[in-house]
Amino acid sequence: IFSIVVFGSIVNECYVNRDSQDPELLCVFNENESACSYGIAVGIIAFFGCIFFFVVDLYFQQISSVKDRKRAVLLDLGFSGFLSFLWFVAFCFLANQWQRTTMSKGVSQGADAARAAIAFSFFSIITWVSPA
């Protein structure tokens, strides 16, 4: 759910016009397109990863081979560790870019969404690190 909040808030409200004269949409995170793109990418990867491992968990009892069960569990642990790292990088990157952002009228429109993306990136680190 946190991944939906992160990429949803970035996609919906973190692209704003610099001023009313300029039609070009800019990322509110210090006008750094990479910050918005990275947050969206990690959120989508986490979302689809959760769906995949939810399906694996549903069919886990039907896996008869102990080796295949072991692989599924190790894949789940490895993916959780990998996503913990990605969320940590996302939190640091988004927080750093938000700190460097100069507030303007356009930026203030997406400020709450930017703060939400940063906060839920942090919450995602805790969620992916904690044992299930």
Side-chain angles (χ1 to χ4, degrees):
I1 294 178
F2 293 160
S3 63
I4 296 171
V5 173
V6 172
F7 78 81
S9 64
I10 292 174
V11 167
N12 286 330
E13 295 184 33
C14 285
Y15 287 100
V16 295
N17 294 341
R18 183 178 304 161
D19 56 28
S20 61
Q21 308 301 329
D22 189 12
E24 181 182 5
L25 293 176
L26 300 171
C27 180
V28 295
F29 293 103
N30 198 28
E31 296 181 3
N32 187 347
E33 180 63 32
S34 297
C36 285
S37 297
Y38 185 78
I40 292 168
V42 173
I44 290 173
I45 290 168
F47 178 72
F48 285 120
C50 285
I51 291 173
F52 173 76
F53 284 108
F54 180 72
V55 172
V56 169
D57 285 344
L58 287 176
Y59 290 106
F60 189 76
Q61 295 298 325
Q62 297 173 354
I63 300 173
S64 60
S65 172
V66 174
K67 287 184 179 183
D68 290 340
R69 284 184 176 205
K70 182 180 176 182
R71 286 185 192 126
V73 170
L74 290 177
L75 182 65
D76 191 6
L77 285 173
F79 186 73
S80 294
F82 178 66
L83 267 183
S84 298
F85 173 74
L86 290 180
W87 280 120
F88 176 74
V89 171
F91 170 71
C92 292
F93 188 33
L94 293 177
N96 178 274
Q97 292 301 305
W98 182 246
Q99 181 181 12
R100 295 177 181 201
T101 302
T102 56
M103 293 303 286
S104 67
K105 183 179 179 183
V107 170
S108 64
Q109 291 175 353
D112 290 337
R115 290 185 195 108
I118 293 168
F120 281 94
S121 294
F122 179 76
F123 298 150
S124 294
I125 298 167
I126 297 168
T127 303
W128 284 97
V129 169
S130 67

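Since the structure is predicted, the reported quantities are computational estimates derived from the model, not experimental observations.
Using cut-offs of 30° and 60° on the angle between ring planes, the pair Tyr38 and Phe93 is perpendicular. The aromatic rings of Trp98 and Phe29 stand perpendicular to each other, their planes meeting at an angle above 60°, with 30° marking the opposite boundary.
Rounded to the nearest 0.5 Å, atoms OG (Ser130) and CD1 (Ile125) are 12.0 Å apart. From Ile1, atom CD1 reaches atom OG1 of Thr127 across 10.0 Å, with rounding to the nearest 0.5 Å. Taking CG of Leu94 as the start and CD1 of Ile10 as the end, the distance is 5.5 Å to the nearest 0.5 Å. Atom OG of Ser3 sits about 12.5 Å away from atom CG of Leu86, to the nearest 0.5 Å. Put simply, CG on Leu26 and CG on Asn32 are 11.0 Å apart, with the number rounded to the nearest 0.5 Å.
Side-chain contact between Val107 and Thr102 is absent, with no heavy atoms from C-beta onward closer than 4.5 Å. Using a 4.5 Å heavy-atom cutoff, the side chains of Phe79 and Trp128 are in contact. Proximity of Ile40 to Val11: side-chain heavy atoms (C-beta onward) are separated by under 4.5 Å at one or more points.
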Exercise for the section: Kindly determine whether Phe120 and Phe123 satisfy ring pair (Phe, Tyr, Trp, His ring centres under 6.0 Å), including the steps that lead there. Expected result: CA-CA 5 Å; Phe120 281 94; Phe123 298 150; 5.4 Å; yes

Exercise for the section: Would you sort out whether Leu25 and Val16 count as a side chain to side chain contact (heavy atoms under 4.5 Å, CB included), showing the intermediate values? Expected result: CA-CA 5 Å; Leu25 293 176; Val16 295; 5.6 Å; no

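Screening residues 73-93 for side chain to side chain donor-acceptor pair (under 3.5 Å), with sequence neighbours left out, gives no hits. The salt bridge (Lys or Arg N to Asp or Glu O under 4.0 Å) pairs that include a residue from residues 27-40 are Arg18-Glu31, where partners are two or more places apart or lie in different chains.
No continuous path of hydrophobic side-chain contacts links Leu75 to Val73 [ILVMFWY only; heavy atoms under 4.5 Å]. Hydrophobic clustering (side-chain heavy atoms under 4.5 Å, transitive across Ile, Leu, Val, Met, Phe, Trp, Tyr) keeps Phe48 apart from Leu77.
Taking every heavy atom of both residues into account, Val28 and Ala114 meet most closely at CG2-CB, 3.9 Å. In this structure, Arg100 and Asn30 approach most closely via the heavy-atom pair O-OD1, 3.3 Å.
With a 6.0 Å radius and a threshold of 12 heavy atoms from other residues, nucleotides or ligands, Arg69 has its CZ atom above the threshold. More than 12 heavy atoms of other shown residues, nucleotides or ligands fall within 6.0 angstrom of atom OH in Tyr15.
Phe85 has its ring centre no less than 6.0 Å from the ring centre of Phe82.
Looking only at distances, no side-chain donor or acceptor of Asn96 sits under 3.5 Å from a matching main-chain atom of Cys92.
In this model, Cys36 has its SG atom no nearer than 2.5 Å to the SG atom of Cys14.
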Enumerate, atom names and distances included, each donor-acceptor pair closer than 3.5 Å involving a side-chain atom of residues 50-65, sequence neighbours excluded.
from, atom 1, to, atom 2, distance (Å)
Ser65, OG, Lys67, N, 3.3
Ser65, OG, Asp68, N, 3.4

